[in-house]
2 protein chains.
Amino acid sequence: MLTERQLLILQMIIDDFIETAHPVGSRALAKKKNMPYSAATIRNEMADLEDLGFLEKTHSSSGRIPSEKGYRYYVDHLIAPISDKSNKKILKDIIDQEIYELEQIAQISAEVLSELTNYTSIILEPELLETKLKQLQIVPLSSRSAVAILVTDTGHVEHRTMKMKNDIDPSDLEKVVNILNDKLQGVPIVRLEEVFQREITKLLKQYVRNFDESYEYIKNILAHEQPVNLYIGGKANILLQPEFRDISKIYSFLTMMENKEQIAELLKNTKHGIEVTIGNENEIEAIKDLSLITTTYHFGEGQVGTIALLGPTRMEYRKVISLLSSLSKEMSDVLHKYFPSS
Amino acid sequence: MLTERQLLILQMIIDDFIETAHPVGSRALAKKKNMPYSAATIRNEMADLEDLGFLEKTHSSSGRIPSEKGYRYYVDHLIAPISDKSNKKILKDIIDQEIYELEQIAQISAEVLSELTNYTSIILEPELLETKLKQLQIVPLSSRSAVAILVTDTGHVEHRTMKMKNDIDPSDLEKVVNILNDKLQGVPIVRLEEVFQREITKLLKQYVRNFDESYEYIKNILAHEQPVNLYIGGKANILLQPEFRDISKIYSFLTMMENKEQIAELLKNTKHGIEVTIGNENEIEAIKDLSLITTTYHFGEGQVGTIALLGPTRMEYRKVISLLSSLSKEMSDVLHKYFPSS
DNA sequence: TGTTAGCACTCGTTATCATCGAGTGCTAAT
DNA sequence: ATTAGCACTCGATGATAACGAGTGCTAACA
């Protein structure tokens with residue numbers, strides 16, 4: 001158990017390091033106001049805190065920097081979450097614009113979030129787990145090509161272009177689309193293919209000539225491969241952090257950020273509420289020297305999206321936590337307002 | 001007018017510098033095969049070429065590097081376009097996959113292009129100038145919100161979510177959509193709003209109660225703000241170029257690449273055929289020390305998209321020109337195959 | 001006994017300086 | 001007209017010293 005004095009010193013070291021990115025020495029710390037102890041005393045405590053694993057040295061005669069354990073303790077025990085009203089207001093103003101599309105809200109929020117922090121932000125759209133089909137359309141483009149369009153009850157639109165081997169009979173097409181709409185409206189997107197195969201195939205066989213030829217195409221339309229829609233803000237902003245001084249680091253960071261699958265992997269286990277993952281606590285190799293802070297936003301029945309911020313372990317946790325919880329709330333509110341019933 | 005010997009020396013210097021990124025000295029050049037002159041002769045010619053503005057020195061006793069004028073001459077007169085068959089094949093294989101959506105073709109092509117060159121590539125979708133409306137749909141989400149969907153004859157899908165002040169009457173909606181489709185099918189996307197205002201407003205007033213309430217919403221749907229759809233490949237790859245050694249340069253480059261408007265500005269005047277813009281020939285400040293090489297691809301009647309590659313002025317022009325003209329051809333071919341009539 | 005002043009020591013940073021080598025321009029010889 | 005030779009330039013490299021912010025330890029102090 002740490003003493004009061006140790007807590008104070010640990011906190012001041014971490015606060016200072018987060019601000020300046022320079023190792024903190026005993027003399028400099030002693031000079032600060034609110035620091036009633038002498039440099040020598042601080043040195044002793046620092047040595048103890050280092051033994052306990054909360055601090056580190058960059059070399060034998062350097063000042064101290066927080067270890068990952070130090071940050072962990074800091075995040076868990078030392079930061080009284082402040083609520084930054086001016087930033088909150090900025091977020092609210094942004095989101096309260098008359099934008100009715102999740103994609104745009106997400107894109108803009110991601111940019112603003114990065115602008116306010118100089119870290120890189122990622123916003124994931126909710127998976128479509130619970131969204132239901134509102135309407136299905138198939139629009140013929142030529143005699144042998146068509147574009148299929150799915151609209152969900154949350155206003156999400158997906159489309160897929162197809163090329164057919166045989167000509168389309170317009171009246172057959174109409175029949176198929178009518179039957180599909182009739183039977184599939186209200187069915188969750190993820191179950192479309194299954195319901196189609198189980199319940200509708202037979203029906204269609206009865207009503208539509210040559211249905212066998214179309215079977216694969218329709219199956220394809222309904223086979224829902226979850227596309228991961230994500231919006232990234234401020235890939236350049238993070239270069240302002242002194243931690244990104246060497247190019248190989250920038251390179252590996254940017255390479256990772258270009259890989260959507262990896263980012264999805266990174267964020268797949270997001271829990272509700274704010275969660276902070278520091279350095280090696282992260283499972284993905286490429287960000288083992290960064291911190292990731294995540295939260296979720298919600299709308300409809302169980303629609304969950306993710307908001308994340310990626311920065312150096314020397315992150316302004318206090319500010320970032322407050323920002324993320326504000327944004328989570330604002331986005332949930334706005335989405336709830338736009339899609340009240342769904 | 002340059003002598004044969006000057007041409008040879010200029011060409012060899014530029015080739016060498018493009019390959020190694022190191023200033024080229026007379027002794028090193030003299031040692032190469034195909035170089036029948038001595039170091040001293042080369043030195044004299046180099047001095048002349050420098051006087052003529054084709055070469056530069058980085059400092060008084062350094063080897064020579066090409067000036068922008070040198071690159072310009074090189075591109076215009078010294079590179080016999082080679083056709084790199086293996087790369088051509090890669091491109092063809094990529095594009096010949098069963099992808100029927102321009103967006104995906106563009107995205108994948110952009111990535112491959114960057115992978116093959118280690119420069120940053122940009123592919124712009126064609127403007128919709130000539131595309132025509134195939135079908136319009138309005139899908140109600142709740143009593144006061146709906147999503148409008150436009151499908152063009154090229155299979156392009158756009159959608160917009162709206163929030164209304166008053167409840168929607170389903171039968172009115174159907175009437176409106178039917179009339180709109182009836183009158184607007186085949187009308188170029190860019191003229192939808194105009195035709196609507198001029199020819200359809202009156203008609204709708206006759207058939208639909210309270211049409212005035214809906215007027216603004218429909219106008220909004222049809223008001224086509226050209227969204228610039230662009231796909232970027234390899235923002236990280238370009239860091240492999242030694243020219244991107246300092247972070248401030250990386251920062252300004254990435255910042256520019258995050259600004260879609262600026263990129264659109266950059267590419268708005270693309271001419272048909274391959275075009276190379278070197279260093280200060282570029283009008284945008286942020287890329288005055290880079291080279292931009294562009295070409296177009298085509299489909300349908302006058303649908304023109306842009307392919308671009310952005311790299312250091314020390315670019316492998318020969319390779320890049322051949323790659324871009326292959327890709328332009330491949331993309332045009334594929335698109336023509338998918339949308340033959342349009 | 002806990003706190004602090006003092007001091008020797010460490011080590012990264014910065015500046016200085018000599019050396020090296022790839023390059024040039026010029027002159028004289030071929 | 002071409003080339004060999006040579007003095008000179010200048011960035012890069014590496015060694016060395018001086019500096020300073022920091023530490024750990026010991027002894028003095030309240």
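Labels below follow one simple rule: chain letters A, B, ... track the order of the sequence lines, proteins then strands, and each chain is numbered from 1.
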Please tell me which of the listed nucleotides, [options], lies nearest to the side chain of [X]?
{"X": "B/Arg43", "options": "C/dA5, C/dC26, D/dG11", "answer": "C/dC26"}
{"X": "B/Ala47", "options": "C/dG25, C/dT4, D/dG11", "answer": "C/dG25"}
{"X": "A/Arg64", "options": "C/dA5, D/dG24, C/dC11", "answer": "D/dG24"}

Nearest-Å distance, [atom1] ([X]) to [atom2] ([N])?
{"X": "B/Ile13", "N": "C/dA22", "atom1": "CD1", "atom2": "P", "value": "18 Å"}
{"X": "B/Asp16", "N": "C/dG23", "atom1": "CG", "atom2": "P", "value": "10 Å"}
{"X": "B/Glu4", "N": "D/dT2", "atom1": "CD", "atom2": "P", "value": "14 Å"}
{"X": "B/Met35", "N": "D/dT2", "atom1": "CE", "atom2": "P", "value": "13 Å"}
{"X": "B/Ile42", "N": "D/dT2", "atom1": "CD1", "atom2": "P", "value": "12 Å"}
{"X": "A/Asn44", "N": "D/dA27", "atom1": "CG", "atom2": "C1'", "value": "13 Å"}
{"X": "B/Met46", "N": "D/dT2", "atom1": "CE", "atom2": "P", "value": "16 Å"}
{"X": "B/Ile9", "N": "D/dT2", "atom1": "CD1", "atom2": "P", "value": "10 Å"}

Discussion item. Side chains of B/Thr295 and B/Glu275, heavy atoms from C-beta outward: is any pair under 4.5 Å?
Written reply: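 No - every pair of side-chain heavy atoms lies 4.5 Å or more apart.
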> Side chains of A/Arg43 and A/Ser38: closer than 4.5 Å at any heavy-atom pair?
Replying inline: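 No; the side chains remain at least 4.5 Å from each other.
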- Message: By nearest heavy atom, map B/Ser62 and B/Glu45 onto DNA chain D; which one lands nearer the 5' end?
- Response: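 Taking each residue's closest nucleotide, the earlier one in sequence belongs to B/Glu45.
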Does OP1 or OP2 of [N] have a side-chain N or O of [X] closer than 4.0 Å?
{"X": "A/Ser26", "N": "D/dT23", "result": "yes"}
{"X": "A/Ser60", "N": "C/dC11", "result": "yes"}
{"X": "A/Lys57", "N": "D/dA21", "result": "no"}
{"X": "A/Thr41", "N": "C/dT4", "result": "yes"}

For the side-chain contact (heavy atoms from CB on, under 4.5 Å) test, which of A/Ile307, A/Leu292, A/Thr296 pairs with A/Leu267?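 Among A/Ile307, A/Leu292, A/Thr296, the one meeting side-chain contact (heavy atoms from CB on, under 4.5 Å) with A/Leu267 is A/Leu292.
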_Side-chain donor/acceptor of B/Ser61 to base of C/dT24, under 3.5 Å_ =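 Check fails, no donor-acceptor contact within cut-off.
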task: Indicate, yes or no, whether a donor-acceptor pair under 3.5 Å links the base of C/dG25 to the side chain of B/Arg27.
output: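 In this structure, the two groups form no donor-acceptor pair.
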In plain terms, say whether B/Glu56 and B/Arg64 are close enough for a salt bridge, that is, a side-chain N and a carboxylate O under 4.0 Å apart.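 The answer is no: the pair does not qualify as a salt bridge.
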**Prompt:** Between A/Tyr231 and A/Ser121, is any side-chain donor less than 3.5 angstrom from a side-chain acceptor?
**Reply:**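 Short answer, no.
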